[in-house]
2 protein chains.
Amino acid sequence: MQTSATAEQEAPSARQQAVLDAVLGLMVADGDQLTMDAVARRASCSKETLYKWFGDRDGLLTATVRWQASRVHAGYDAAQVLDGATLRERLQDFAVTWLEVISGPTSVALNRIAIAHAGSHKSNLGGIVLANGRFAIGERVKPVLEAGRAAGLLAFADSEAAFRTFFGLVGRDIQIRLLLGEALDLDADEIRRDAGRAVDQFLALYGQAKP
Amino acid sequence: MQTSATAEQEAPSARQQAVLDAVLGLMVADGDQLTMDAVARRASCSKETLYKWFGDRDGLLTATVRWQASRVHAGYDAAQVLDGATLRERLQDFAVTWLEVISGPTSVALNRIAIAHAGSHKSNLGGIVLANGRFAIGERVKPVLEAGRAAGLLAFADSEAAFRTFFGLVGRDIQIRLLLGEALDLDADEIRRDAGRAVDQFLALYGQAKP
DNA sequence: AGCGTACCGTACCGTACGGTACGCTCAGTA
DNA sequence: TACTGAGCGTACCGTACGGTACGGTACGCT
């Protein structure tokens, strides 16, 4: 039996990671040049090895998406008691991180691939990207919101709905514009300002003065 | 000289429109079955005619995007003096329309194609989609916002920034989730509720009691 | 009637790409 | 040294698809 890094959920070996990085590199460099030949050439490996490791093209893409996803997750530090400044800071961090992710070339390229794939329903990259992007951050933000509510700093009924508003205030039209090819490069300063504005707006909508 | 519906900006003939509708139908039905053969078959026309009319595959796609765009635009009724109820109503209309558009299968399919295309930079469908989607609605909403400000109902410095916030509050995570393949069908009721919530939030952020 | 034009249907061509086969090298092992 | 297996490079196969060519038909126009 060969070592498929797709069917089973084994972590890819170092060599395999290098291959997946090559795939990411190609995606970023030129989205539609993403052929098995090109991958093999760039990764200096043989196509046969690619097929042995990843099964087929879809398996390679899936493994790549998972590999990238595995790098994005940071620690889930559970929030304890919050004061207003800490809450603001935590939200600001999330907003900055999210804006950095979605405006990064890797994320743009990966989302393009996954979206193109979502049209033809085989092996849903879209689901994986959603699970590790939009939903993963939701699961990380919602506890913070709930801690904020527990501390009397926020008021909302449904944390999912509150998070979605936060998401909208942070992302606005940025992701769709990038995906559709607009240049639009955000520097760190602009991201910080954007994140700050989003947090201010969110707190204006959901915050309440501590009684 | 042949009648190219691409190079020049002539409106497509009725027959050509039928062809473009066939393309849209194929896009919606099965995104990656979008081959020139399939289009010709579905439109009951010959491939040669397709090439004569649209130049090449890209030209056909471009014409299709333009054709769909030409159908979305509604009238630009200039806003005069606004009272609070009218402003809210206008914003609600925009929000409902926008949500209907982005959640429609045609929009999803078209955006998928355009986004996939945006990876490989030839003939930017992405630009056309942006111009006729995100930016077109921006140009329609901003005058309303400015009229609202003129009437003392809204307060903001930058109408573009205010619009982007509105855009984020309305769209939130819906478009990206749909593009990535989540099922997520919104019925008319949910859209109306969503739009209402977004407008409430927007007014909470930017509204001001009339002095 | 004769001719041109527009178009349909279909056959065809070239190429790019997913997937496979095979020979070669080289490290590890006994 | 001989054997094994992993993996590189390359050649190869089949097919799908973009694009072209061509015969046939319907409909003007003169």
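Small disclaimer: the values here were computed from a predicted structure and weren't measured.
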### Message
Strictly below 4.0 Å, N to O, side chains only: are Arg90(A) and Asp93(A) in salt-bridge contact?
### Response
no
### Query
Distance check: side-chain N/O of Thr49(B) vs OP1/OP2 of dC8(C), anything under 4.0 Å?
yes
### Task
Nearest whole angstrom, please: distance from the C1' of dA21(D) to the CG of Leu50(B).
15 Å
#### Entry: Upstream residue (5' side of DNA chain C) when Glu48(A) and Met36(A) are each assigned their closest nucleotide
Met36(A)
### Message
Donor-acceptor check, side chain of Arg149(A) to backbone of Phe156(A), threshold 3.5 angstrom: yes or no?
### Response
yes
### Task
State whether Trp53(B) places a side-chain N or O below 4.0 Å from either non-bridging phosphate oxygen (OP1 or OP2) of dC7(C).
yes
### Query
Atom NZ of Lys47(B) and atom P of dA16(D): how far apart are they, to the nearest Å?
13 Å
#### Entry: Proximal nucleotide (of dG18(C), dA21(C), dG18(D)) relative to the Arg57(A) side chain
dG18(C)
### Task
Would you please confirm or rule out a distance under 4.0 Å between OP1 or OP2 of dG18(C) and any side-chain N or O of Thr35(A)?
yes
### Task
For the side chain of Ser46(A), starting at C-beta, report the closest nucleotide among dG7(D), dG9(D), dC7(C).
dG9(D)
### Below 4.0 Å: OP1/OP2 of dC8(C) and any side-chain N or O of Arg15(B)
yes
#### Entry: Least distance between heavy atoms, Arg140(B) atom then Phe94(B) atom
O-CZ, 3.7 Å
### Query
Whole Å only: how far is the CG atom of Asp30(B) from the P atom of dC17(D)?
11 Å
